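The structure appears below as structure tokens.
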Amino acid sequence: MENIINVLKNCPVIFAATVDDKNRPNNRPIALAMEDNGILFFSTSTETSLFRDLQKNPFISFTAMIDQQSWVQINAETVFAEDMAIKEMIISNNQVLKKRFQTADNRILKIFKLSGGTAKFYDRSGNAPQIVNF
């Protein structure tokens with residue numbers, strides 16, 4: 001799990017894929033909002049396609065490049081949480097989110113964590129991926 005956390009914290013761009021309301025793939029950049037005791041939290045807004053997609057289908061797939069030769073793909077189920085303490089930590093530690101939402105009790109701010117996930121670490125060597133379940 002530590003390897004997953006390090007990659008997500010240090011990767012400048014992570015892409016998150018969901019399925020839209022017409023059953024088509026929908027991909028967008030996202031950032032890890034925070035990690036707490038091995039639980040990965042992400043944020044979104046009720047005004048985004050990400051939120052709408054996850055309300056209809058809670059499964060998500062992330063891809064992040066580690067370097068030019070390796071990457072990680074993470075598949076998991078999302079679980080929305082209304083934990084005000086986590087929201088406050090996210091807002092206080094992220095100036096972009098603080099500017100967007102101002103306060104943790106902003107009703108459009110939503111956070112979700114990952115559940116039942118699998119991370120597959122790939123490289124261009126041709127070796128089988130390293131698989132981590134969490």
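Predicted model, so just to flag it, every value in this text is computed and none were measured. Position 1 is the first residue of the sequence; numbering continues from there.
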Proximity of Phe42 and Phe62 rings by center, below 6.0 Å: yes

Steps toward side-chain contact (heavy atoms from CB on, under 4.5 Å) verdict (Met89, Phe41): CA-CA 11 Å; Met89 283 191 281; Phe41 288 94; over 6 Å; no

Side-chain donor/acceptor of Lys87 to backbone N/O of Leu109, under 3.5 Å: yes

Pairwise side-chain contact, Phe15 with Gln73, heavy-atom cut-off 4.5 Å (strictly under): no

No-hydrogen, no-angle side-chain donor-acceptor test under 3.5 Å, Ser61 and Asn75: yes

Straight-line distance of Asn106 CG to Leu97 CG, nearest 0.5 Å: 11.0 Å

Backbone of Asn6 reached by a side-chain donor or acceptor of Asn10 within 3.5 Å: yes

Contact summary for Ala64 and Val7, nearest pair of heavy atoms: CB-CG1, 4.3 Å

Close side-chain approach of Phe134 and Thr118, heavy atoms under 4.5 Å: no

More than 12 heavy atoms of other groups within 6.0 Å of Lys110 NZ: yes

Check against side-chain contact (heavy atoms from CB on, under 4.5 Å), Tyr122 and Gln69: CA-CA 8 Å; Tyr122 293 92; Gln69 299 298 316; over 6 Å; no

Flag side-chain contact, heavy atom, 4.5 Å: Thr63 against Ile14: no

Within one Ile-Leu-Val-Met-Phe-Trp-Tyr cluster: Leu54 and Leu8, side-chain cutoff 4.5 Å: yes

Heavy-atom side-chain contact between Asn3 and Phe121 under 4.5 Å: yes

Test side-chain contact (heavy atoms from CB on, under 4.5 Å) applied to Ile4 and Ile74, step by step: CA-CA 9 Å; Ile4 298 168; Ile74 300 169; 3.8 Å; yes

Expected output: side-chain Ser70 to main-chain Ile66 donor-acceptor under 3.5 Å: no

Side chain to side chain, Asn57 and Asn23, heavy atoms closer than 4.5 Å: no

Partners meeting side-chain hydrogen bond (donor to acceptor under 3.5 Å, both in side chains) with Arg28 (sequence neighbours left out): Thr18, Ser49, Asp53

Ile39 backbone acceptor or donor facing Asp36 side chain under 3.5 Å: no

Near-ring test Phe112/Phe51, centroid separation under 6.0 angstrom: no

Heavy-atom side-chain proximity of Ile108 to Phe101 below 4.5 angstrom: yes

Within-4.5 Å side-chain heavy-atom neighbours: Gln130 and Lys120: no

Candidate pair Glu77 and Leu114, rule side-chain contact (heavy atoms from CB on, under 4.5 Å), full reasoning: CA-CA 6 Å; Glu77 185 171 2; Leu114 303 183; over 6 Å; no

Side-chain touch Met84/Asp105, heavy atoms, less than 4.5 angstrom: yes

